[in-house]
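Lettering of chains follows the sequences in order, A, B, ..., and the numbering in each one begins at 1.
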Amino acid sequence: MKIYNTLLASRKLEDVAPLDGRTVRIYTCGPTVYDHAHIGNLSSFIFADTLRRAVALSGHHVQHVMNYTDVDDKTIRRSRMEFPDDTPEEALKLLTDRYIGLFNNDLERIGNELTPITFVRATDAKTIWGMKDLITKLHEKGFAYIADDGVYFSIEAYKKSGKTYGQLLAVNAENTSEARIQNDEYDKESVHDFALWKKQKPGEPAWEFTLGGQDLTGRPGWHIECSVMSRQELGQPFDIHTGGIDLTFPHHENEIAQSTALEDDPVMARIFAHNEHILIDGKKMSKSLKNFYTLEDIISHGFDPLAFRLKILQSHYRSQVNFTWESLEAAQNLLNNLRAWADQKHQKAAYNKEASAPYADGFRAMLAAAGDDLDTPKALHSLTDLANKGEASGVEPEKFQALLNLIDRLFGLQLGNRPDITHAQKDLIAEREQARTAQEWQKSDDIRDKLKQQGVAVRDTANGPVWYRA
RNA sequence: GGCGCCUUGGCGGAGUGGUUACGCAGAGGUCUGCAAAACCUUUUACACCGGUUCAAUUCCGGUAGGCGCCUCCA
């Protein structure tokens with residue numbers, strides 16, 4: 001299994017071999033839970049989910065951790081608006097609980113597995129303690145300084161210790177944007193310094209914190225969360241850190257700085273893997289352009305959440321996908337065709353001609369593609385190849401079910417758990433066959449119509465009738 | 001201002017120095033009682049201009065257009 005490493009020192013494909021020789025440890029930057037996730041967010045988690053599936057199928061044990069950012073400017077602002085009568089702490093909890101629930105529900109609907117993942121909240125007591133502890137140590141060693149509005153990380157001190165700030169993106173004066181310099185309104189010593197801890201402002205939730213004899217009661221900065229949660233759950237260095245391409249800088253860069261300032265080893269994670277953004281009609285999704293969609297939008301347009309998953313898997317995670325409704329429709333049609341193929345597992349009478357030898361090879365090809373920097377488009381090609389051969393080469397129900405299970409483990413398209421039709425429907429199909437044999441065309445067509453109303457279509461083949469869900 | 005990417009047939013999306021994926025959609029056909037599905041065929045694509053080469057969509061240079069990151073962001 002190989003995956004592309006975004007670290008500047010690498011920028012190439014690397015083998016995914018567990019650092020500890022046993023378990024591949026993966027950390028995924030999760031959502032900030034202040035609103036519904038949009039489909040761009042979701043695509044990122046489809047990537048992380050598929051990566052874990054591919055690593056596991058390549059034969060490794062996997063430990064996968066994902067966080068919820070449940071305290072930041074947006075969550076606080078929104079919680080105060082929606083729950084003005086509660087304390088800031090309670091309001092924040094109410095709001096983030098709600099959106100964590102909705103987020104998990106979205107993940108399940110797009111076919112992500114939740115059970116293999118350890119979810120951690122930034123506001124978990126353990127996390128809060130860990131953040132205070134790390135900030136305190138950074139401060140003791142001179143990597144953090146106290147300003148009027150909070151505690152900041154000193155990039156200068158980090159550099160002086162001989163480490164590189166700029167492991168993911170070359171950082172220098174030339175490529176610092178105007179906007180960033182203009183927005184540099186905080187009480188920092190240098191533009192790139194970032195907040196480790198923010199002192200409480202009126203109406204904000206806060207946690208007690210004393211540093212250098214000062215009362216700094218307030219809340220953690222964004223980057224420190226991931227440094228602490230990843231280490232608490234996975235240790236350091238761990239194997240793969242994933243996230244959207246936009247998190248490369250500054251978020252992951254800052255994580256690295258925090259996580260390695262006190263260590264001899266400057267490596268936080270061996271591999272950083274980033275997924276590209278999806279575009280809407282060729283443009284980046286943004287609230288200002290009002291071109292973002294949620295899973296609810298997809299469903300209300302009549303599409304299956306798994307069609308969205310398929311759409312995402314149809315392009316490579318490191319290339320931008322252009323999302324259009326037309327392309328989603330194509331994915332939905334393909335999904336329907338794959339489901340019709342999968343439904344043949346219930347119909348051995350029609351398909352029991354030959355052995356399923358090509359199936360083993362077919363799945364091997366999918367796995368090989370997935371192991372090559374998660375080349376899901378290629379893997380899907382192998383899948384459609386197999387599906388197209390299905391009818392010609394015959395289906396042995398038990399082997400077919402086993403194959404579908406493997407395919408599901410890789411793609412999460414849920415092709416293997418599709419139920420059979422009812423006995424009553426099977427009786428109707430048999431009845432129609434009798435009518436056809438007797439050349440009672442009107443009766444046979446009536447039965448076909450009736451079945452169709454129940455969502456079951458029938459086609460007649462040389463081997464007898466075959467149904468599929470229309 | 002700095003860095004990087006992209007431009008393929010109706011749509012999406014791979015890939016390759018010469019044999020031209022795949023999916024979706026359209027057309028015709030085989031098959032069928034009719035359908036459907038499947039199968040076959042089909043609409044012969046690689047932004048533009050130069051260059052290298054026996055040969056370029058594929059390599060090099062330039063032009064045009066588009067996109068992303070450098071700031072909260074998946």
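Comment: A:Glu433 engages A:Arg436 in a salt bridge, judged by a side-chain N to carboxylate O separation of less than 4.0 angstrom. In this structure, A:Arg418 does not pair ionically with A:Asp408, as no charged nitrogen and carboxylate oxygen lie closer than 4.0 Å. For A:Asp149 and A:Lys199, the salt-bridge test fails: no basic side-chain N is under 4.0 Å from an acidic carboxylate O.
Atoms NE2 (A:His274) and C1' (B:C73) sit 13 Å apart, rounded to a whole Å. One can place CG of A:Asp246 at 9 Å from C1' of B:C69, the figure rounded to the nearest angstrom. Straight-line distance from the NZ atom of A:Lys452 to the P atom of B:A36: 9 Å, rounded to whole Å.
Residues forming a side chain to side chain contact (heavy atoms under 4.5 Å, CB included) with A:Glu233 (at least two apart in sequence, or on another chain): A:Val65, A:Thr118, A:Val120, A:Lys126. For A:Thr260, the side chain to side chain contact (heavy atoms under 4.5 Å, CB included) test picks out A:Tyr158, A:Lys163, A:Gln236, A:Ile256, A:Met268, with sequence neighbours left out. By the salt bridge (Lys or Arg N to Asp or Glu O under 4.0 Å) test, A:Arg109 pairs with A:Asp106, A:Glu296, sequence neighbours left out. For A:Trp222, the ring pair (Phe, Tyr, Trp, His ring centres under 6.0 Å) partners two or more places apart in sequence, or in a different chain, are A:His251. Not counting sequence neighbours, A:Glu108 has no partner by the salt bridge (Lys or Arg N to Asp or Glu O under 4.0 Å) test. A search for salt bridge (Lys or Arg N to Asp or Glu O under 4.0 Å) contacts involving A:Arg448 returns A:Asp445, not counting sequence neighbours. Considering only residues two or more places apart in sequence or on other chains, A:Glu82 meets the salt bridge (Lys or Arg N to Asp or Glu O under 4.0 Å) condition with A:Arg78, A:Arg98. A:Thr248 meets the side chain to side chain contact (heavy atoms under 4.5 Å, CB included) test with A:Thr6, A:Leu168, A:Ile245, A:His274; sequence neighbours excluded. Qualifying side chain to side chain contact (heavy atoms under 4.5 Å, CB included) partners for A:Gln414, counting only residues two or more places apart in sequence or in other chains: A:Leu306, A:Asn417.
For the C1' atoms, the distance linking B:U71 with B:U16 amounts to 41 Å, nearest Å. Here, B:C54 and B:A45 have their C1' atoms 25 Å apart, quoted to the whole Å. Rounded to whole Å, the separation between the C1' atoms of B:U20 and B:G28 comes to 23 Å. On the C1' atoms, B:G23 is 34 Å away from B:C49, given to the nearest whole Å. The P atoms of B:A37 and B:A25 are separated by 9 Å, rounded to the nearest whole Å. Of the C1' atoms belonging to B:A21 and B:U8, the separation is 12 Å, rounded to the nearest Å. A distance of about 30 Å separates the C1' atoms of B:G13 and B:U30, rounded to the whole Å. Spacing between B:C5 and B:G62 at atom P, rounded to whole Å, works out to 13 Å.
Using a 4.0 Å cut-off, no side-chain N or O of A:Trp467 falls inside it from OP1 or OP2 of B:A36.
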Do any N or O atoms of the protein come closer than 3.5 Å to N or O atoms of nucleotides 25-27 of chain B, and which pairs are they?
none

Short N/O separations, protein against nucleotides 11-15 of chain B, under 3.5 angstrom:
unit_1 : atom_1 : unit_2   : atom_2 : d
B:G13  : OP1    : A:Asn322 : N      : 3.4
B:A14  : OP1    : A:Ser319 : OG     : 3.3

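Proximity note for A:Arg448 (side chain, C-beta onward) versus B:C22, B:A74, B:G33: the nearest is B:G33. Of all nucleotides listed (B:G23, B:A35, B:C73), B:C73 comes nearest to the side chain of A:Trp222.
Contact annotation for A:Leu42: no contact, since no heavy-atom pair falls under 4.0 Å across all strands. A:Tyr468 comes within 4.0 angstrom of the backbone, heavy atoms only, and of no base. Within the nucleic acid shown, A:Gly243 comes within 4.0 Å of sugar-phosphate atoms alone, with no base atom in reach, counting heavy atoms only. Using a 4.0 Å heavy-atom cutoff across all strands shown, A:Arg432 reaches at least one base atom of the nucleic acid.
Taking 3.5 Å as the limit, the base of B:C31 and the side chain of A:Arg459 contain no donor-acceptor pair of atoms between them. For A:Asp445 and B:G33, a side-chain-to-base donor-acceptor distance below 3.5 Å is present, hydrogens and geometry of angles not being considered.
Aromatic ring pairs are classed by plane angle as parallel below 30°, tilted from 30° to 60° and perpendicular above 60°; the pair A:Phe194 and A:Phe153 is parallel.
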Inset, instruction - Give the dot-bracket string for RNA chain B, reading 5' to 3', where a pair is Watson-Crick or G-U wobble with both distances under 3.5 Å, ( ) marks pairs inside the strand, [ ] marks pairs crossing earlier ones, | marks a partner on another strand, and . marks unpaired. - result: (((((((..(((.....[...))).(((((.......)))))....(((((..]....))))))))))))....

